[in-house]
Amino acid sequence: MTAQLSWYVARSAGIVGWAVLAAGVLWGLALSTRVLGPKPRAAWMTDLHRFLGGLATVFTAVHVGALLFDRYVGFGVGDVLVPLHSSYRPVAVAWGVVALYLLVAVEVTSLLRTRLPRTMWRWVHTSSFGLFVLSTVHGLSAGSDTGRPLTVVMVIVSVATFALTVARIDQSRARRRPPRTSDRPVRTGAVRSAPLPRS
């Protein structure tokens, strides 16, 4: 048990990190799609979204750090930082490596949000959708617990996230779509006729 302690820590930290990330993405989508209503958001709602993102980063750091100390499989620095470098399920681990870089990018730009152009921040923050997908694929393909009920939960959460994403995209398109002719307000009242020319 002692020899495999780091392996168990890595597995549990990875699962918890993914769950917190999923909660953060779902909460962010709930806020942006106005599922919770059109009223202004309380400050704690935004703070909760940021807290979940930071907590996911912490658990991911524990996950990666535990892998480096593990001797059960034997991960090196290159295995956790370079895609396809690992001899243990290289493709599956590569998804996690790319997800790690996306997570760092999202968190760093979130901390520097007030100092960055809004367009740049928005583009990077939108990559959190890809981050969630990559981390889910990584967990399903590289994890050793995929045969358990956790897999069903991961799939359900993934579907829910996809549905909220579609709703958000649809709302964004609806805001940018120009109004149809029938939707434009009709001006009522008497119409002044042009004055007749004098003879």
Side-chain angles (χ1 to χ4, degrees), residues 5-36 41-70 75 77 79-81 83 92-116 118 120-146 148-165 168:
L5 178 60
S6 58
W7 178 245
Y8 287 117
V9 171
R11 288 165 57 188
S12 58
I15 293 172
V16 175
W18 176 88
V20 175
L21 174 65
V25 172
L26 286 173
W27 186 249
L29 284 170
L31 294 175
S32 61
T33 54
R34 298 186 178 183
V35 172
L36 304 177
R41 302 281 175 258
W44 69 266
M45 293 184 173
T46 304
D47 292 340
L48 177 59
H49 177 61
R50 295 173 181 171
F51 173 76
L52 291 172
L55 194 61
T57 305
V58 171
F59 277 105
T60 301
V62 174
H63 172 65
V64 175
L67 288 176
L68 293 177
F69 285 99
D70 173 59
F75 283 94
V77 176
D79 298 327
V80 298
L81 295 180
V93 173
W95 297 121
V97 175
V98 177
L100 172 64
Y101 290 131
L102 285 178
L103 176 62
V104 172
V106 170
E107 284 303 305
V108 170
T109 53
S110 294
L111 293 174
L112 301 176
R113 179 178 180 179
T114 57
R115 302 182 180 182
L116 296 175
R118 183 172 178 81
M120 176 183 178
W121 172 84
R122 183 178 295 277
W123 274 104
V124 177
H125 204 72
T126 304
S127 67
S128 58
F129 298 140
L131 162 62
F132 177 76
V133 172
L134 290 176
S135 61
T136 303
V137 174
H138 169 68
L140 291 174
S141 57
S144 56
D145 301 290
T146 53
R148 302 184 180 185
L150 176 66
T151 304
V152 179
V153 176
M154 294 176 74
V155 172
I156 292 175
V157 172
S158 300
V159 172
T161 303
F162 178 76
L164 285 173
T165 303
R168 181 178 183 182

| field | Taking every non-hydrogen atom, the tightest pair across Val9 and Ala66 | value | CG1-CB, 3.9 Å
| query | If you round to the nearest 0.5 Å, how far is CD of Glu107 from CG of Leu102? | reply | 12.0 Å
| field | Taking every non-hydrogen atom, the tightest pair across Ala10 and Leu67 | value | CB-CD2, 3.6 Å
| Polar contact flag, side-chain donor to acceptor under 3.5 angstrom, Trp95-Ser141 | no
| task | Rounded to the nearest 0.5 Å, what's the gap from OG1 on Thr60 to CG on Leu103? Could you check? | result | 5.0 Å
| query | For Leu81 and Tyr101, what are the C-alpha separation, side-chain angles and deciding distance, and is it a side chain to side chain contact (heavy atoms under 4.5 Å, CB included)? | reply | CA-CA 9 Å; Leu81 295 180; Tyr101 290 131; 3.7 Å; yes
| request: Please round to the nearest 0.5 Å and tell me the distance separating atom OG1 of Thr109 and atom CG of Leu116. | output: 6.5 Å
| request: Go through the steps to decide whether Val80 and Val97 satisfy the test side chain to side chain contact (heavy atoms under 4.5 Å, CB included), and finish with yes or no. | output: CA-CA 6 Å; Val80 298; Val97 175; 5.6 Å; no
| task | For residues Trp7 and Phe75, determine if any side-chain heavy atom of one lies less than 4.5 Å from a side-chain heavy atom of the other. | result | yes
| Does any N or O in the side chain of Trp27 come within less than 3.5 Å of the main-chain N or O of Leu52, such that one atom is a donor and the other an acceptor? | no
| request: Using atom types as modelled and distance alone, determine if a side-chain donor or acceptor of His138 lies under 3.5 Å from a backbone N or O of Ala92. | output: yes
| query | Which atom names give the shortest non-hydrogen contact between Ser135 and Ala99, and what distance separates them? | reply | N-CB, 4.1 Å
| said: If I take atom CG from residue Leu55 and atom CZ from residue Arg50, how far apart are they, to the nearest 0.5 angstrom? | reply: 16.0 Å
| query | What's the spacing between Leu112 CG and Met120 CE if we round to 0.5 Å? | reply | 9.0 Å
| field | Pairwise distance CG(Leu26) to NE2(His49) - rounded to 0.5 angstrom | value | 11.0 Å
Please output the side-chain donor-acceptor pairs of residues 121-134 that fall under 3.5 Å, not counting sequence neighbours, one pair per line with the distance.
| residue | atom | partner | partner atom | Å |
| --- | --- | --- | --- | --- |
| Thr126 | OG1 | Arg122 | O | 2.6 |
| Ser127 | OG | Val124 | O | 2.4 |
| Ser128 | OG | His125 | O | 2.7 |

